[in-house]
Amino acid sequence: MDLRKRSRTSAVEVEEKEREFKRITSSCNETKGSESVEEELLKDQREKEELEQHLRERESARTRKLTEPKASRTRSNAEDIQTLRKVSRHEYLKKREEKKLQELRDGIEDEQYLFDGVKLSEAEYHDLRHKKAIYDVLSKKKGLEGANNEYKMPEAYDDQRGVNQEKRFSVAMQRYSDPNAEKEEVWEEHQIRKATLKFGSKDKRQVCDDYQFVFEDQIDFIKAAVMDGDKFDYEEELALEKSKAKSSVLEALHEERKKLPIYPFRDEFLKAVHDHQVLVIVGETGSGKTTQIPQYLHEAGYTKNGRMIACTQPRRVAAMSVAARVSQEMGVKLGHEVGYSIRFEDCTSEKTVLKYMTDGMLLREFLAQPELESYSVVMVDEAHERTLSTDILFGLVKDVARARPDLKLLISSATLDAEKFSNYFDCAPIFKIPGRRYPVEIHFTKAPEADYLDAAIVTTLQIHATQPPGDILVFLTGQEEIETTEEILKQRMRGLGTKIAELIICPIYANLPTELQAKIFEPTPEGARKVILATNIAETSLTIDGIKYVIDPGFSKMKCYNPRTGMESLLVTPISKASAMQRAGRSGRTGPGKCFRLYTAYSFQNDLDDNTPPEIQRTNLANVVLTLKCLGIEDLINFEFMDPPPIDAIKKALELLYALSALNVGGKLTKVGRRMAEFPLDPMLSKMIVASEKYKCSDEVISIAAMLSVGNSIFYRPKDKQVHADNARMNFHTGNIGDHIAHLKVYNSWKENNYSTQWCYENYIQVRSMKHARDIRDQLAGLLERVEIELTSNSNDFDAIKKSITSGYFPHSARLQKNGTYRMVKHQQTVHIHPSSGLAEILPRCVLYHELVLTSKEYMRQVTEIKPQWLLEIAPHFYDLKDVENSSSNKMPRGHGLA
DNA sequence: GAGCACTGC
């Protein structure tokens, strides 16, 4: 097939598309509001004036700031800045409030407070008066408590004033129980408002104002507010709930469909799809785009030609649950007209017209049908998440669209990236759908926090003591952090005794056994409060109802890849602004929420990147390159990536594939390479399997491959039973067989025990991981048949198994040095055996490792001893005699290491 | 004698 670049869209076409795009967006606006063109223009003019005023004020603020020292992470500096800045901040606010009040008094609110058709209500007017009153109180207070006028972490309070824990909480408790503490409440409310950014159309004006004050650059946020705005009536929602109870299920579903924000745009949407081949859809969560769009297209006849509509999701559960929902709405059985396709599970049939699938699955389908003949529409949903698969799909799908004018392409995203997507797809029009979201108040700290963990704990307790009921979600970086936080929180809650309501602490991270994970979904008992300590898993992957408060320390662990050394590392890094918004949004899913960020507004604006770099730029590309080669794409450097990965990473991947003999000297796919591409695994693992044919041990090798690809979550190691867990693990390592064979033993023992769950508990092994390994193994066994490799067992010949491993992993070899550390054979890199390895204390002379991770040192994980001469035997093109001789001439005391 | 964010095929 031909996937080479076809001629680019001509300038005329682009121009026409742009015109169309404007028409579509404006027609959407027309249905939303009934303003005439003149009004629209007037509004624009007004907005422009406001913007200019903002810019002027910002400029003056900036010149003032230039004389101030830059904020740093140390407290003493921060305090200085605090005093310096407070004056200007306070002055500004006061001036602004006064201005607003003046305007109100002048009676020009009718004109002045019109924004997007929303007039300032009476309540808002009173709100402003209320604020003024607070100001009066505050300005009197100021002389006494000047230092306390800002939102500040109680910890800082401690440092300054020497107020101890009990004292603070006794104050908090007083307030908690005393409804008359109005002034305090009022003051706090005011503090909250000051640093608040709200979502929702009614608050649009406020968004601009507040934002303009807190941040340096407001452009992003004005857009966010525009994207959001829809009049969303809670009561309407309640009425809907009631009506649902009355009428029949199907009727209710139909009613519900009509209530979705996308419903009024149905016809325009269908027209846009009809007129354009590629369409970028922007819609917030809850707009109904994922469930409705494929149905609309189906109703409009896009499936009449016997072709399907595909909708891709980044996650398996999403694909499954959305498909289930849609089949319900359409009144058909799941798997018939509506189906889903995910790894290990193909729930589709001959009848299927709407197919929900994971993005990786569609990528696999490309291998079978490079022009996607069986689809009439492809919708890439959640495109803003930029997973590895979506990024590759973009390039492929863009190319297929050129070859197949009848194929419709929908790219759906929830963020401000829409224009980027549009530009990438030759200025495709953008179709906006309003979302449905509750307002979220965002709070920043006044001063930078040195210890975010402690700050998170203190904030949790503070919320618990002072805020109305509602669960708390805390974002932490990893398992260890979650465990320590849990301990400290429990300890502090014990210290508080029965004076305070119960706090239920629920940790959640991916490696947590499923039965413990279920705890977070249990409803919170009356009078208690739940605090969920989560990793990034709660950012996108799972939604927890009832969250009202989010605490965001602003960090997460991110995988980075160094193409030069080929080393992956997990580093704690500051999150991006997009990520921070996502986290904040988790508090506003079932009602208005609050988000407490443990960093300053200044660092949000200046230290955080706009977006997290897409995965494709920070990962090992070996698999990607193999897939693309298999699709016939020869020129990878010029492949149309939306964000091209580093050239070094592509080169490294090509080199590796060449070394594994998946590619020939000309860079063309070899027969081995084609076989390898059939396996949904890393090329080194695939090579190991393909090579097992030669050593007649494919049965064992696919077990090892399955175990290795489920990763490091096989052994469960709870903090309080570490010794037991370690002992259980070492049972599999008897005879210094190496970690690969130990994995095989684990798998085989589990199998011999009839895949028993009990056996897993006894051996501190995670059942979920083992089941996953079994699924992968079954799939691999099926694929062996496909590439015509016989399933042969050779369980007693460890050397044969190790040689198969060597065939895939020979570039990952290291040998022992005199000082007891290892050095990679082909690099000057010093490495160590990870302490969790069974060989950590054995120190064999020459080893292969599965992966290299950088934590406190460069550690090799999953290590197996090999004979140096195997390297020459198996990879003569990669190693020469010198490499191997070096290792044997390395003067080691006899009898040490290699037995 | 250290320490594994999250997906997906």
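As a whole-Å value, the separation of A:Leu571 CG from B:dA5 C1' is 11 Å. Between A:Glu480 atom CD and B:dA5 atom P the separation is 9 Å, expressed in whole Å. Taking atom CG of A:Asn712 as the reference point, atom C1' of B:dT7 lies 14 Å away to the nearest angstrom. If you take CG of A:Leu628 and P of B:dC9, they are 18 Å apart, rounded to a whole angstrom. If you measure from atom CG of A:Asp739 to atom P of B:dA2, you get 17 Å, rounded to the nearest angstrom. Distance, A:Arg316 CZ to B:dG8 P: 6 Å, rounded to whole Å. To the nearest angstrom, C1' of B:dA5 lies 12 Å from CG of A:Leu476. Between the CD atom of A:Glu615 and the P atom of B:dG8 there is a distance of 12 Å, rounded to whole Å.
Of the two residues contacting DNA chain B, namely A:Asn536 and A:Asn623, the nearest-nucleotide position lying further toward the 5' end is that of A:Asn536. When the nearest nucleotides of DNA chain B are assigned to A:Asp726 and A:Gln313 by heavy-atom distance, the more 5′-ward of the two goes with A:Asp726.
A donor-acceptor contact shorter than 3.5 Å links the side chain of A:Gln517 to the backbone of A:Tyr509.
Side chain to side chain, A:Glu615 and A:Thr619 fail the donor-acceptor criterion of an N or O pair below 3.5 Å. A donor-acceptor pair shorter than 3.5 Å cannot be found between the side chains of A:Asn727 and A:Tyr764. Defined by atom type and a distance below 3.5 Å, a donor-acceptor pair is missing between the side-chain atoms of A:Thr390 and A:Glu385. Remark: the A:Thr543 side chain and the A:Arg586 side chain contain an N/O donor-acceptor pair separated by less than 3.5 Å. Side-chain atoms of A:Tyr340 and A:Gln313 form no donor-acceptor pair, as typed in the model, at a separation below 3.5 Å.
Dashed line: the shortest gap from a side-chain N or O of A:Thr535 to OP1 or OP2 of B:dC6 is under 4.0 Å. Regarding contacts with the backbone of B:dT7, every side-chain N or O of A:Arg386 stays at 4.0 angstrom or more from both OP1 and OP2. One finds a side-chain N or O of A:Thr358 lying less than 4.0 angstrom from the OP1 or OP2 phosphate oxygen of B:dC9.
Relative to the side chain of A:Lys857, the nucleotides B:dC6, B:dA2, B:dC9 differ in distance, and B:dA2 lies closest. Nearest to the side chain of A:Tyr509, among B:dC6, B:dC4, B:dA2, sits B:dC6. Comparing B:dC9, B:dT7, B:dA2 by their nearest atom to the side chain of A:Arg364 picks out B:dC9.
Residue contacts shown for A:Arg315 are limited to sugar-phosphate atoms, with no base heavy atom under 4.0 Å away. Residue contacts for A:Ser556: at a heavy-atom cut-off of 4.0 Å it reaches no nucleic acid atom on any strand shown. A:Ser389 comes within 4.0 angstrom of nothing in the nucleic acid, heavy atoms only. Within the 4.0 angstrom heavy-atom criterion, only backbone atoms of the sugar-phosphate kind lie near A:Met361; the bases stay farther away. Counting any heavy atom pair closer than 4.0 Å across all strands shown, A:Asp682 reaches no nucleic acid atom. Residue A:Glu382 is classed as having no contact, given no heavy-atom separation below 4.0 Å to the nucleic acid. Using a 4.0 Å heavy-atom distance criterion, A:Ile342 is classed as a sugar-phosphate-only contact. Counting any heavy atom pair closer than 4.0 Å across all strands shown, A:Leu570 reaches a base atom.
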